[in-house]
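Keep in mind that this is a model prediction, so the values were computed, not measured.
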Amino acid sequence: MRNVSFTRRAVLALPLGVVGLAGCASTDTSARYDTGYVEGSGVSTEIAVDKRGDAYDFSGETFSGETFALSEKRGAPVVLNVWYASCAPCRKEAPDLVKLHETYASKGVTFVGVNVRDEAGPAQAFEQKFSIPYPSIPDRDGTIMYALRGQVSPNAVPSTLVFDAKGRVAARISGLADPSILGAMIDRVLSE
């Protein structure tokens, strides 16, 4: 009988405990992430040159109406960032990606975004707000994400891939990209 009494007290105390925990929750809405996507934790993966798979290719029309083809960028690294406008970590990493683009564009590194959710309006508003200098391709139907499946495919939003000069995936960050880690990845690919 004692266990039953304890169980009743525990069940009755549970709602009060939940209310107490809810009171400890952050009220900072900027820290809340949209739950409509898989959020990565910033885990990085690098692939040794001799372990990389085949070259990838995809193409698409950017939000500005130009055609982008990964195969046309062979000979230099490409940094691909998967994003969408209301993704909180995407908004947080955008200024760092702009700075990295400024650092590496003169070294021949191409940056491109792949937007997995937005229509042109929200995507272009995001690009304007954060002064994104590189193009983005809409991929609402998942065609590009499907083309990138394989050894180290984008598995979260945001995700950032670094392709080597041969078009093979050399590195990936799943989640918010730490600019120092991404910069080091680009440097290693540039030095190959």
Side-chain angles (χ1 to χ4, degrees), residues 37 39-47 52 55-118 120-139 144-145 147-148 152-192:
Y37 60 89
E39 178 193 335
S41 59
V43 173
S44 60
T45 305
E46 292 188 77
I47 304 168
R52 294 179 191 159
Y56 284 85
D57 195 24
F58 66 85
S59 61
E61 186 174 311
T62 67
F63 284 111
S64 60
E66 298 174 11
T67 300
F68 178 94
L70 184 61
S71 61
E72 293 176 2
K73 305 302 178 184
R74 299 285 193 268
V78 173
V79 176
L80 179 146
N81 179 254
V82 179
W83 68 281
Y84 67 90
S86 62
C87 156
C90 301
R91 299 172 76 78
K92 186 173 181 180
E93 75 179 0
D96 292 327
L97 292 171
V98 169
K99 289 176 188 171
L100 286 166
H101 175 269
E102 291 169 358
T103 300
Y104 289 101
S106 63
K107 298 176 183 181
V109 178
T110 298
F111 279 63
V112 64
V114 174
N115 183 298
V116 294
R117 187 175 287 187
D118 299 320
Q124 290 172 324
F126 178 98
E127 291 175 334
Q128 184 176 20
K129 177 178 180 163
F130 293 102
S131 302
I132 306 294
Y134 50 86
S136 283
I137 306 166
D139 189 38
I144 295 171
M145 292 298 98
L148 295 174
V152 188
S153 57
N155 61 355
V157 178
S159 281
T160 305
L161 300 178
V162 179
F163 292 87
D164 66 16
K166 295 180 181 179
R168 303 172 304 170
V169 175
R172 175 188 69 195
I173 298 175
S174 295
L176 182 70
D178 179 301
S180 62
I181 292 172
L182 181 54
M185 290 173 161
I186 297 168
D187 288 336
R188 282 189 281 278
V189 172
L190 277 169
S191 70
E192 295 173 355

Discussion item. Whether the side chain of Tyr104 engages the backbone of Gly183 through a donor-acceptor N/O pair (distance < 3.5 Å, no angle test) should be reported.
Written reply: yes
Item to complete: May I have the step-by-step check of side-chain contact (heavy atoms from CB on, under 4.5 Å) for Ile144 and Val82, ending in yes or no?
Response: CA-CA 10 Å; Ile144 295 171; Val82 179; over 6 Å; no
Practice prompt. Using the test side chain to side chain contact (heavy atoms under 4.5 Å, CB included), find all partners of Pro77 that sit at least two apart in sequence or belong to another chain.
Written response: Val109, Val189, Leu190
Item to complete: With sequence neighbours left out, write down each residue that passes salt bridge (Lys or Arg N to Asp or Glu O under 4.0 Å) with Arg91, or none if nothing qualifies.
Response: none
Worksheet item: With a 4.5 Å limit on heavy-atom distance, are the side chains of Leu80 and Leu148 in contact?
Response: yes
Worksheet entry | Test item: Cys87 and Pro158 side chains (from C-beta on) under 4.5 Å apart, heavy atoms | yes
Response to the item:
Taken in chain and number order and not counting sequence neighbours, the residues that satisfy side chain to side chain contact (heavy atoms under 4.5 Å, CB included) with Ala76 are none
Fill in: Pairing residues for Asn81 by the side-chain hydrogen bond (donor to acceptor under 3.5 Å, both in side chains) criterion, not counting sequence neighbours
Glu93, Thr160
Discussion item. Evaluate Leu182 against Leu100 for side-chain contact (heavy atoms from CB on, under 4.5 Å), listing each step before the verdict.
Written reply: CA-CA 8 Å; Leu182 181 54; Leu100 286 166; 3.5 Å; yes
Fill in: Closest non-hydrogen atom pair between Phe58 and Ala147, with its separation
CB-CB, 4.3 Å
Fill in: For the student: nearest non-hydrogen atoms of Asn115 and Ala85, plus distance
ND2-N, 4.2 Å
For residues 63-70, tabulate all N or O donor-acceptor pairs below 3.5 Å that involve a side-chain atom, not counting sequence neighbours.
from, atom 1, to, atom 2, distance (Å)
Ser64, OG, Thr62, OG1, 3.0

Response to the item:
Residues passing the side chain to side chain contact (heavy atoms under 4.5 Å, CB included) test with Pro133, sequence neighbours excluded, are Val98, His101
Discussion item. By the salt bridge (charged side-chain N to carboxylate O under 4.0 Å, His left out) test, which pairs, at least two apart or in different chains, include something from residues 176-192?
Written reply: Glu46-Arg188, Arg52-Glu192
Practice prompt. Taking all heavy atoms of Ser44 and all of Ile173, pick out the closest pair and write down the distance.
Written response: CB-CG1, 4.1 Å
Worksheet item: Distance-only, no hydrogens or angles: does the Arg74 side chain make a donor-acceptor pair with backbone N or O of Lys166 under 3.5 Å?
Response: yes
Discussion item. Quick test of your reading: applying side chain to side chain donor-acceptor pair (under 3.5 Å), list the pairs with at least one residue in residues 121-138, sequence neighbours left out, ordered by first then second residue.
Written reply: Trp83-Ser136, Glu127-Ser136
Fill in: Closest non-hydrogen atom pair, Val162 against Met185
CG2-CB, 4.4 Å
Discussion item. I want to check something: taking the side chain as every heavy atom from C-beta on, are Asp118 and Phe126 in contact at a cut-off of under 4.5 Å?
Written reply: no
Worksheet entry | Under the side-chain hydrogen bond (donor to acceptor under 3.5 Å, both in side chains) test, residues paired with Ser71 that sit two or more places apart | Asp57
Worksheet item: How many angstroms lie between CD1 in Ile186 and OG in Ser191, if you round to the nearest 0.5 Å?
Response: 12.0 Å
Worksheet item: What distance separates Ser86 OG from Arg117 CZ, expressed to the nearest 0.5 Å?
Response: 6.0 Å
Worksheet item: What pair of heavy atoms forms the shortest contact from Pro154 to Met145, and how long is it?
Response: CG-SD, 3.9 Å
